[in-house]
Structures are given as C-alpha cells and as structure tokens.
Amino acid sequence: QVQLVESGGGLVQSGDSLTLSCVVSGRTFSGYALGWFRQTPGKEREFACAISGDGAAKYCADSVKGRFAISRDTAKSTVYLQMNNLEPEDTALYYCARRPGSRIRDNPQEWLFWGQGTQVTVNS
C-alpha cells in the first residue's frame, strides 16, 4: 500500500518562505516520479513541480518557476517543495503525488497516488 503524507503548510505573509515535505511509505519511492500539485475551492487541481524517478530531471509550472524548487531524499523517502517569495495567489491546498512511472508529467490524471494535502495560506 502506497501512502503519502504531507506536512509543512501554514499561514505566512507575502514574501515569506515555506518548505513542504512528503513522506512516501513502503518500498515505493525510488524510481518513481514525484510531484506537487495545488488546488483552491472551485478550481481544478494545478501542477506545481515534479521530479523524475532518478532525480535528474525537474520541472515547475511557469506560475512558480524561479520561486519554487523540488527535491527528493531517497534515504528519507521524502520529497520536498521549497517555496520562496510566496504570494497570496499561492494560497491553496498542496498535494504530493507519485506516478506509476519515472517520467515527469504535468497532467494530474497521469498521477496514481495522492496524499491528503497540506494547507498553505499567504496573507498580503
């Protein structure tokens, strides 16, 4: 059973930084692409960043590029999302996800396993 548990969300001010963490349980970490998505009420889930199964490739959406960075720690079975210079528009429920394969995709429908989400709220 694959389980993903996010943490690190919170209430911050515009311009602040946060680091989200996601622990992936079981022998289900190495070799699989991992990603972060976000969603606000009434809107579709939106891609933020992803990292390939071997960690060599990383990709972030234009809306967060240059401010967000994704990384993974195989020893800790954890994927991180470093978020800098946060803006009120970044307010959302942030989800960690794992693909069935190693390549990066930005379509949420191509991701198989999801965490429960961690809330990030940015005040202006």
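Worth knowing before you read on, the calculation uses all heavy atoms, side chains too, and leaves out hydrogens, waters and symmetry mates.
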Identify the heavy atoms of [X] and [Y] that sit nearest to each other, and give their distance.
{"X": "V122", "Y": "D90", "value": "CG2-CB, 4.4 Å"}
{"X": "R99", "Y": "R103", "value": "NH1-O, 2.8 Å"}
{"X": "T74", "Y": "S30", "value": "CG2-OG, 3.3 Å"}
{"X": "T91", "Y": "Q119", "value": "CG2-NE2, 4.0 Å"}
{"X": "F68", "Y": "C49", "value": "CB-SG, 4.0 Å"}
{"X": "T40", "Y": "A92", "value": "CG2-CB, 3.7 Å"}

Notebook entry, point to check: With side chains defined as the heavy atoms from C-beta onward, is the minimum distance between V24 and Q3 less than 4.5 Å?
Noted result: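 A side-chain contact is absent here, since even the closest heavy-atom pair is not under 4.5 Å.
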Note to self: For a 4.5 angstrom cut-off between non-hydrogen side-chain atoms, does W36 reach V79?
What the structure shows: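 In contact.
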Any chain of hydrophobic side-chain contacts (each under 4.5 Å) joining [X] to [Y]?
{"X": "L93", "Y": "F113", "value": "no"}
{"X": "L34", "Y": "V120", "value": "yes"}
{"X": "L112", "Y": "I104", "value": "no"}
{"X": "I51", "Y": "V5", "value": "no"}

Give a yes or no on whether the backbone of [Y] and the side-chain of [X] come within a donor-acceptor separation of less than 3.5 Å.
{"X": "R67", "Y": "N85", "answer": "yes"}
{"X": "E6", "Y": "Q116", "answer": "yes"}
{"X": "W114", "Y": "L4", "answer": "no"}
{"X": "S102", "Y": "S52", "answer": "no"}

Notebook entry, point to check: Say you draw a straight line from OG of S14 to CD of E87; how long is it, rounded to the nearest 0.5 Å?
Noted result: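 One gets 6.5 Å once the value is rounded to the nearest 0.5 Å.
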Check: Can you tell me how far CD of Q39 sits from CD of E44, rounded to the nearest 0.5 angstrom?
Finding: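 Going from CD on E44 over to CD on Q39, the span is 8.5 Å.
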Under a 3.5 Å cutoff, is there a donor and acceptor pairing between the side chains of [X] and [Y]?
{"X": "T78", "Y": "D73", "answer": "no"}
{"X": "Q82", "Y": "N84", "answer": "yes"}
{"X": "Y94", "Y": "R38", "answer": "yes"}

Item checked: Residue K65 excluded, over 12 heavy atoms near NZ under 6.0 Å ->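 Yes, NZ of K65 has more than 12 neighbouring heavy atoms, counting only those of other groups under 6.0 Å.
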Notebook entry, point to check: Considering residues, nucleotides and ligands other than Q13, do more than 12 of their heavy atoms fall under 6.0 Å from its CD?
Noted result: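 More than 12 heavy atoms, drawn from other residues, nucleotides or ligands, come within 6.0 Å of this atom.
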Margin query: I want to know whether Y95 and F37 have ring centres closer than 6.0 Å.
Written below: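 No.
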Next item on the list: Would you confirm whether the ring centroid of F47 sits within less than 6.0 angstrom of the ring centroid of Y59?
Entry: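 They qualify: ring centres under 6.0 Å apart.
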Next item on the list: Could you give me the CA-CA distance, side-chain angles and deciding distance for L81 and T19, then say whether side chain to side chain contact (heavy atoms under 4.5 Å, CB included) is met?
Entry: CA-CA 6 Å; L81 185 67; T19 300; over 6 Å; no
Check: Are R72 and Y80 in a cation-pi contact, defined as NZ or CZ under 6.0 Å from the six-membered ring centre and within 45° of the axis?
Finding: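 Here R72 fails the 6.0 Å and 45° test against Y80.
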Note to self: Check for me whether R98 meets the cation-pi criterion with Y32, that is, NZ or CZ under 6.0 Å from the six-membered ring centre and within 45 degrees of the ring axis.
What the structure shows: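 That pair qualifies as a cation-pi contact.
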Next item on the list: Give the intermediate values and the outcome of side chain to side chain contact (heavy atoms under 4.5 Å, CB included) for residues L11 and N123.
Entry: CA-CA 7 Å; L11 174 63; N123 283 340; 3.4 Å; yes
Margin query: With side chain to side chain contact (heavy atoms under 4.5 Å, CB included) as the criterion, how do S63 and E46 come out once you've worked through the C-alpha distance, each side chain's angles and the decisive distance to 0.1 Å?
Written below: CA-CA 10 Å; S63 58; E46 175 190 33; 3.8 Å; yes
